[in-house]
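Quick notes on the structure that follows.
Quick note on labels: first sequence line is chain A, next is B, and so on, each numbered from 1.
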Amino acid sequence: MNNNQTAQYDFNNIEKKWQQYWQQNRTFATSDDFSMPKYYVLDMFPYPSGDGLHVGHPEGYTASDIIARYKRMNGFNVLHPMGYDAFGLPAEQYAIKTGTHPRDTTVKNINRIRQQIQSLGFSYDWDREIDTTDTKYYRWTQWIFLQLFNSYFDTEQQRARPISELLEALENESLLIDPAGQIVPNQNKDLEALAGLPIGTRTWAELTPAQRSEILSNQRLAYQAEVAVNWCPELGTVLANEEVIGGVSERGGHPVIRKPMRQWMLRITAYAERLLDDLEGLDWTHGIKKLQADWIGKSTGAEVDFTIDEHGATLKVFTTRPDTLFGATYMVMAPEHPLVPEITTEPQRPAVEQYITQAARKSDLDRTDLAKEKTGVFTGAYAINPVNNQRIPIWISDYVLIGYGTGAIMAVPAHDTRDFEFATKFNLPIIQVVAPTLEDAYIINHAKEFTTTEAIEGDSLGFMGFLILTKEIHPTADWEKVAQETDHRKIELPNGVVLYAVPHEARRDIDYSKYFDKLPKYVDIAHDPQFMKDPKATIRHPLQEAFTGEGFAVNSDQFNDLDTDQFKTKITNWLAEQGLGNAAINYKLRDWLFSRQRYWGEPFPILHLENGTTIAVDESDLPVTLPDVETYQPSGTGESPLATIPEWLNTTYNGQPAQRETNTMPQWAGSCWYYLRYLDAHNELAPFASEKEKYWMPVDLYIGGAEHAVLHLLYARFWHKVLYDLGHVHTKEPFTKLVNQGMILGDDNQKMSKSRGNVVNPDKVINDYGADSMRLYEMFMGPLDATKPWSMQGVEGVHRFLQKVWRLIIGPEGKIHTNITDQPNDDAAQRTLHKTIKKVTQDIDAFAFNTAISQMMIFTNEYLRLPHCNRAAIESFTLILAPFAPHFAEEIWQRLGHTDSLAYQPWPTYDESLTQDPEIEIAVQVLGKIKDRITIPADLTEDQIKERAIASEKVQQAIAGKTVRKVIVIKGRLVNIVAN
RNA sequence: GCCGAAGUGGCGGAAUUGGCAGACGCGCGGGAUUCAAAAUCCCGUUCUGGCAACAGAGUGAGGGUUCGAUUCCCUCCUUCGGCACCA
């Protein structure tokens with residue numbers, strides 16, 4: 001290697017030199033040595049945008065690189081790959097504008113971003129680099145799509161199974177098709193067909209090919225359906241809900257309208273329960289898990305059937321509060337509900353039709369804007385409330401969403417805020433059926449008059465108050481004991497709530513903390529004798545607003561006085577007995593809208609035959625590649641530019657004419673499984689070899705931005721579970737541990753943006769200070785997951801630190817400093833070394849890189865003061881610095897006389913006994929105030945420490961004339977003397 | 001509106017099974033070195049009062065528990081992030 005050793009820290013040459021060395025020696029190429037312990041550390045791969053890398057990217061990449069290098073030095077076989085999520089709108093928008101093929105733009109951008117990533121010295125295995133737009137990659141994305149297309153979800157077994165198994169059951173007639181088109185078991189199968197099949201039930205053989213195709217489609221995990229989608233005229237494509245932010249497209253900010261269209265969907269809802277359940281075992285932050293759980297949005301309740309009066313049809317609703325059925329005074333259907341035209345009466349029809357048209361034309365943005373004021377129209381129809389046979393009107397309103405539950409609700413205005421608003425506006429009756437518990441009632445009535453602490457300590461006016469006891473708040477409180485010992489009077493109220501009352505004067509002397517870890521609410525009610533006399537009467541006041549809490553039932557016939565939970569159970573059972581309803585679970589999560597009408601995405605490996613059936617392209621015919629097109633402009637009719645190329649569009653299948661599916665997949669597709677392709681990036685026979693998957697999976701550490709908290713991670717988990725069910729992967733979850741790096745703000749504490757002019761260009765930072773300084777600074781800024789502002793002066797600070805280390809180790813001739821010898825360190829220097837190894841090791845394990853760096857700074861500052869330092873200590877220090885500043889460390893390591901890279905050197909170990917100081921300084925407090933600091937041998941006993949502390953002159957002054965009541969000794973920390 | 005995270009010097013931040021608040025870095029002030037500058041080194045740097053020794057206050061605000069609270073509990077305020085008519 002080169003001999004032109006310089007005396008200066010010449011980061012430019014050093015970094016180039018080592019990047020070349022790593023590349024030429026394939027230092028970080030990962031072997032599939034299954035005998036070694038493995039560690040898979042994954043970064044969220046970037047979209048190769050024309051702007052190149054942002055300073056936010058290297059933050060996560062540096063953190064993962066530190067871990068990767070650290071794990072290697074700890075003997076792990078580390079998989080640390082990188083690639084590009086390269087399909088996507090920007091390249092395509094650019095193509096529309098300029099006519100440049102998105103592939104050209106993409107290749108150019110990838111080259112740029114690769115160069116940027118490499119200039120930071122990350123230890124990726126570049127042999128495994130992937131690009132989602134590469135046909136060799138998306139061939140397997142299409143293959144996975146076919147897995148979805150060729151599978152159905154067995155609800156009984158709660159897992160995906162090949163659709164061929166379903167087909168077989170249909171063909172052998174153990175399954176039949178009922179009149180509604182549902183697949184049902186054949187009850188008569190083993191009875192030699194004694195009786196005929198139920199009326200309208202058909203066998204598979206009786207169906208036409210198109211009907212069969214339709215039936216199977218209704219089961220497939222990937223299916224087509226007519227759905228109300230977000231159509232963005234400007235982009236000429238539909239967008240998923242999550243790509244629409246506040247009524248405009250996430251990309252470009254164009255308006256979006258609702259429109260029914262036939263689209264490809266993925267049945268992610270089938271996995272809702274498992275996606276929710278399996279969150280539990282993941283080592284992800286609580287916050288991210290909660291975001292996912294909320295997105296899935298499970299709610300438990302009941303489905304109830306309401307009969308439509310003089311019509312006979314059933315209107316099914318979902319409710320989480322079946323206990324409020326007696327308060328249902330009207331119903332509301334979504335305007336898009338299919339039953340609306342059917343039940344609308346003639347006089348109401350014009351108004352209803354007008355409302356439906358209006359609602360459909362409204363963009364999501366308009367809907368949001370108008371959300372303040374409820375709108376709606378009466379259909380003229382009435383439903384019968386099954387619990388009390390009341391005739392209640394049916395309205396339509398866009399505050400009821402077609403996509404959630406059944407698209408219709410029972411409205412309980414007394415206990416639902418939205419229903420309350422609607423009922424108030426349209427003068428519909430409001431009947432209270434839930435009375436708040438006494439505690440809630442009192443708080444509702446007197447919310448502004450007291451707080452917990454005031455109620456206990458404050459000077460309220462009256463002489464009588466009460467403590468509120470509920471099982472929820474004080475499950476373990478021994479109230480009998482309280483009553484006995486504190487002279488409280490026990491008062492039992494009809495609804496089971498127990499109060500303990502005490503005279504005002506007496507309660508001041510009671511130490512409630514003796515009885516409860518959580519203080520009871522203490523309410524002074526002397527000014528409200530009515531409340532004591534008949535609490536129920538007090539709380540049954542006309543509602544000023546909806547009461548959405550729980551309590552006990554009123555106005556509910558035989559269910560009166562039941563508490564909310566009991567009521568729910570009872571009424572649900574009752575409904576089931578009467579055949580009027582059943583317990584039910586609903587999820588906010590919707591099926592995933594998977595098609596886009598764009599050019600730059602994976603084509604669907606699907607053919608449409610003339611007989612109306614839809615079939616999969618044979619696996620052996622994959623990939624279905626993108627053709628070249630004249631123009632990238634979407635057709636605007638809801639079809640992609642692919643539809644305009646007849647020679648691509650028209651093909652044959654077994655000699656029959658067939659048309660290719662012209663939609664393409666959304667950008668999420670490629671990123672849903674890329675972590676699997678890295679395992680075996682060049683496999684031409686399969687997406688990955690099974691034995692490699694068994695060795696490397698799951699991903700041990702996944703680092704990326706929190707913006708992917710829900711979608712990417714949920715979609716990837718979904719695909720992974722499907723692959724798991726079909727036996728392609730062996731773990732239920734792909735990512736064991738997830739860490740989110742925080743956002744980096746500009747130096748003005750604002751989000752970085754071109755318009756603010758506060759964007760920091762990583763290339764410039766690397767050019768001015770070097771990649772090692774850049775890496776070090778990004779880690780030194782603060783905790784990895786925090787949002788923090790950039791500071792160029794901070795970069796200079798860590799750069800100065802590297803300069804110092806350089807001066808510590810490298811002498812004026814560019815050789816090792818003459819101060820560094822084999823002479824042993826003195827004890828203090830040796831302790832500093834061991835403390836440093838310990839802290840850096842523990843901090844890396846805890847992702848506390850900022851404090852690891854500050855400890856290395858302390859080491860450097862101390863060692864610079866030494867007359868000489870021990871060579872082995874310097875070598876150890878170089879090794880622990882290596883994950884943070886790898887080029888720098890390699891250069892030092894080489895100058896220390898080593899010929900190999902330090903990348904696989906064993907991580908230095910520390911001796912716990914050498915991290916302990918023989919003498920320590922402790923604080924001496926009197927009554928919690930520090931009076932003195934004394935230096936004592938570390939191994940003193942408590943009594944000895946006590947003695948020394950009291951002997952202190954300053955302490956003597958402070959306790960003069962007082963009696964020492966107690967002396968608290970915290971070993972190694974402080975002594976606190978209580979004296980008065 | 002709901003959910004989540006967080007509020008500590010001039011700035012980024014450190015310290016929590018409750019035990020010396022402000023590590024480390026930046027900035028700033030003073031000094032050394034230099035013809036001068038850069039670089040480097042040394043000293044100081046939470047605030048208030050004081051020449052100083054020292055005293056008092058102090059981790060968003062208020063209250064509580066404790067010998068002792070940045071850390072635990074209650075109430076409130078602010079900032080950031082996410083979701084948003086989900087019955």
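Between the side chains of A/Tyr863 and A/Thr836, not a single donor N or O lies within less than 3.5 Å of an accepting N or O. A/Thr269 and A/Asp591 share a donor-acceptor pair across their side chains, judged by distance under 3.5 Å alone. No side-chain donor from either of A/Thr62 and A/Glu778 sits under 3.5 Å from a side-chain acceptor of the other. Side chains of A/Asn976 and A/Lys966: no donor on one and acceptor on the other come within 3.5 Å.
In this structure, of B/G81, B/G13, B/C85, it is B/C85 that holds the atom nearest to the side chain of A/Asp398. For A/Arg800, the side-chain atoms get nearest to B/U40 when compared with the rest of B/A87, B/U40, B/G12. Relative to the side chain of A/Asp416, the nucleotides B/A87, B/C83, B/G13 differ in distance, and B/A87 lies closest. When each of B/G13, B/G25, B/A87 is scored by its nearest atom to the side-chain atoms of A/Lys804, the top-ranked nucleotide is B/G25. Of the candidate nucleotides B/A23, B/C26, B/G25, B/A23 has the atom lying nearest to any side-chain atom of A/Ile858. In the set B/C24, B/G12, B/G82, the nucleotide with an atom closest to the side chain of A/Leu291 is B/G82.
For the ring-ring contact (aromatic ring centres under 6.0 Å, His included) with A/His799, the lone residue among A/Trp806, A/Phe11, A/Tyr777, A/Phe780 that qualifies is A/Phe11. Paired with A/Pro322 under the rule side chain to side chain contact (heavy atoms under 4.5 Å, CB included), one option of A/Glu303, A/Met410, A/Lys568 passes, and it is A/Lys568.
Looking at heavy-atom distances under 4.0 Å, A/Thr285 makes no contact with the nucleic acid at all. Counting any heavy atom pair closer than 4.0 Å across all strands shown, A/Thr319 reaches sugar-phosphate atoms only and no base atom. A/Lys588 comes within 4.0 angstrom of a nucleotide base, judged by non-hydrogen atoms across all strands. Among the atoms of the strands shown, none is found under 4.0 Å from any heavy atom of A/Arg965. Within 4.0 Å (heavy atoms only), A/Asn586 reaches no atom of the nucleic acid at all.
Under the 90° criterion around 0 for the glycosidic angle, B/G9 counts as syn.
In RNA chain B, stems built from 3 or more consecutive Watson-Crick or G-U wobble pairs, each with both distances under 3.5 Å, span B:1-7 with B:77-83, B:10-12 with B:24-26, B:27-32 with B:40-45, B:46-49 with B:54-57, B:60-64 with B:72-76.
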Under 3.5 Å, which N/O atoms of the protein pair with N/O atoms of nucleotides 16-22 of chain B?
unit_1 : atom_1 : unit_2   : atom_2 : d
B/G19  : N2     : A/Asn976 : ND2    : 3.4
B/C20  : O2     : A/Arg933 : NE     : 2.5
B/C20  : O2     : A/Arg933 : NH2    : 3.3
B/C20  : N4     : A/Glu921 : O      : 2.6

N/O to N/O distances under 3.5 Å, protein versus nucleotides 30-34 of chain B:
none

Provide a list of protein-nucleic acid N or O atom pairs under 3.5 angstrom, restricted to nucleotides 4-7 of chain B.
none

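If you take atom P in B/C20 and the same atom in B/U75, they sit 28 Å apart, rounded to whole Å.
Annotation: side chain to side chain contact (heavy atoms under 4.5 Å, CB included) contacts of A/His817 (sequence neighbours excluded): A/Asn819, A/Ile820.
For residues 772-779 of chain A, proximity to RNA chain B is found at no residue, defined as any non-hydrogen atom under 4.0 angstrom from a strand atom.
Close to B/A14, at under 4.0 Å from its OP1 or OP2, lies a side-chain N or O of A/Asn850. Put simply, A/Asn749 has no side-chain N or O that comes within less than 4.0 Å of OP1 or OP2 on B/U79. An OP1 or OP2 oxygen of B/C41 is reached within less than 4.0 angstrom by a side-chain nitrogen or oxygen of A/Arg807. In this structure, A/Lys931 does not reach the B/A55 phosphate: none of its side-chain N or O atoms is under 4.0 Å from OP1 or OP2.
A cation-pi arrangement, defined by a distance under 6.0 Å to the six-membered ring centre and an angle within 45 degrees of its axis, is present between A/Lys374 and A/Tyr399.
Classification of A/Glu59 and A/Lys788 as a salt-bridged pair holds, one side-chain N sitting under 4.0 Å from a carboxylate O. In summary, A/Asp917 and A/Lys835 engage in a salt bridge, as defined by a charged side-chain N under 4.0 Å from a carboxylate O.
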